[in-house]
Amino acid sequence: MSEKSLTAYEDLQFTPIAEGSPVDVALLWGNPETGPAAVLVRFPEGYEEPWHSHSSTYHSVLVKGEFQSRSQDDVDSTAVYGPGSYAIQPGGAAHREVNAGQGEMLAFVYFEGPIDFVPVE
C-alpha cells in the first residue's frame, strides 16, 4: 500500500509543456511517457492553443478560470465553460482550447495513455 501524500499547490513543480510554450504543466501521478497519468495544466490569460490531437483519450475538469473547447465539428462554438466543467476528449480527435476568461486557467487532466501533442497541419 502507498503512503499518504499531500502537496500544496504552491509546492507543485510546474514546467513548460514544451520548449518555448507559455503553457505550464505539473505531473501529479503516473508516467506521461506510457500513461496513464494525471497533470495540472495552466494556460496564461488570452492563450489560444493551436489545433492538435493526442494519442490517448483524456478527461479534464476545469479548476479555475473559463475556457472554450473546439473540435473540427464545432469550430465556431462560442460556449464558455467555468470551474467544475468536465470534458472528455477522445484520442486522435483534433481540437483546441482557449482561455476565455481573465487571468490564468487551471485544469486537472487525466490521460488514459501516454501524454503527447500532435499538431494538426
Side-chain angles (χ1 to χ4, degrees):
M1 179 189 244
S2 297
E3 291 185 31
K4 179 179 177 180
S5 176
L6 181 62
T7 304
Y9 176 77
E10 53 274 359
D11 293 333
L12 293 172
Q13 301 298 309
F14 280 90
T15 58
I17 199 164
E19 187 175 329
S21 176
V23 176
D24 290 330
V25 63
L27 179 65
L28 300 175
W29 71 81
N31 184 333
E33 294 179 16
T34 63
V39 295
L40 281 178
V41 179
R42 291 191 302 204
F43 282 33
E45 183 172 348
Y47 184 71
E48 298 185 18
E49 280 186 311
W51 285 97
H52 66 282
S53 67
H54 305 281
S55 299
S56 63
T57 296
Y58 74 75
H59 305 256
S60 67
V61 177
L62 186 66
V63 176
K64 177 182 175 185
E66 296 180 320
F67 80 104
Q68 291 178 314
S69 182
R70 298 183 179 137
S71 68
Q72 290 183 322
D73 296 334
D74 65 354
V75 293
D76 294 325
S77 174
T78 58
V80 175
Y81 298 90
S85 298
Y86 172 65
I88 298 174
Q89 183 63 52
H95 64 282
R96 68 187 297 231
E97 273 76 40
V98 174
N99 181 344
Q102 295 183 343
E104 73 179 14
M105 182 184 92
L106 182 70
F108 168 82
V109 185
Y110 172 77
F111 284 85
E112 294 179 3
I115 298 176
D116 61 6
F117 185 95
V118 181
V120 172
E121 297 185 21

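Just so you know, residue 1 is the first one in the sequence shown, and it goes up from there.
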Inset, instruction - Kindly assign one of parallel, tilted or perpendicular to the pair Phe117 and His52, based on the angle between their ring planes and the thresholds 30° and 60°. - result: parallel
Legend entry - Considering all heavy atoms, the nearest Glu45-Gly101 contact: CG-O, 3.9 Å
Legend entry - Shared hydrophobic cluster, Leu28 / Ile17 (ILVMFWY, side-chain heavy atoms < 4.5 Å): no
Legend entry - Sidechain-backbone polar pair: Glu48 side chain, Gly46 backbone, donor-acceptor under 3.5 Å: no
Inset, instruction - State the CZ-OG distance between Phe108 and Ser60, to the nearest 0.5 angstrom. - result: 9.5 Å
Inset, instruction - Using modelled atom types only, decide if a donor and an acceptor are shared between the side chain of Glu66 and the backbone of Gly82 within a distance under 3.5 Å. - result: no
Inset, instruction - Hey, could you give me the CG/CG distance between Asp24 and Leu40, rounded to the nearest 0.5 Å? - result: 11.0 Å
Legend entry - Value rounded to 0.5 Å, distance of CD in Glu97 from CZ in Arg70: 10.0 Å
Legend entry - Interatomic distance, Leu12 atom CG to Arg42 atom CZ [nearest 0.5 angstrom]: 8.5 Å
Legend entry - Cluster check Tyr58, Leu27: I/L/V/M/F/W/Y, side chain < 4.5 angstrom: yes
Legend entry - Close side-chain approach of Ile115 to His54, heavy-atom, < 4.5 Å: no
Legend entry - Exercise: identify the closest heavy-atom pair between Tyr81 and Leu62: O-CD2, 3.6 Å
Legend entry - Atom of Ser53, atom of Val120 and distance for their closest heavy-atom approach: N-CG2, 4.4 Å
Legend entry - Test item: side-chain donor near acceptor, Glu49 and His95, under 3.5 Å: no
Inset, instruction - For the residue pair Trp29 and Ser5, establish whether any side-chain heavy-atom pair is separated by less than 4.5 Å. - result: no
Inset, instruction - Check whether any side-chain heavy atom of Pro32 sits under 4.5 Å from a side-chain heavy atom of Val39, and report yes or no. - result: no
Legend entry - Shared hydrophobic cluster for Trp51 and Val41 (ILVMFWY, side-chain gaps under 4.5 Å): no
Legend entry - Closest approach of Pro83 to Gly65 (non-hydrogen atoms, all atoms of both residues): CD-O, 3.2 Å
Inset, instruction - Using modelled atom types only, decide if a donor and an acceptor are shared between the side chain of Thr57 and the backbone of Gly91 within a distance under 3.5 Å. - result: yes
Legend entry - Ring center gap for Phe14 and Tyr9 short of 6.0 angstrom: yes
Legend entry - Which atom of Pro44 lies closest to which atom of Pro22, heavy atoms considered: CD-O, 3.5 Å
Inset, instruction - Hey, could you give me the CZ/CZ distance between Arg96 and Phe67, rounded to the nearest 0.5 Å? - result: 13.5 Å
Inset, instruction - Look at atom CD of Glu10 and say whether more than 12 heavy atoms of other residues, nucleotides or ligands are closer to it than 6.0 Å. - result: yes
Inset, instruction - Output yes when a side-chain donor or acceptor of Asn99 lies under 3.5 Å from a complementary backbone atom of Tyr47, and no otherwise. - result: no
Inset, instruction - State yes or no: do Leu106 and Tyr110 share one hydrophobic cluster built from I, L, V, M, F, W and Y residues joined by side-chain heavy-atom distances below 4.5 Å, directly or via other members? - result: yes
Inset, instruction - Looking only at non-hydrogen atoms, find the nearest pair between Gln13 and Asp11 and report the distance. - result: NE2-O, 3.2 Å
Legend entry - Euclidean distance, Ser71 OG relative to Gln89 CD, rounded to 0.5 Å: 7.0 Å
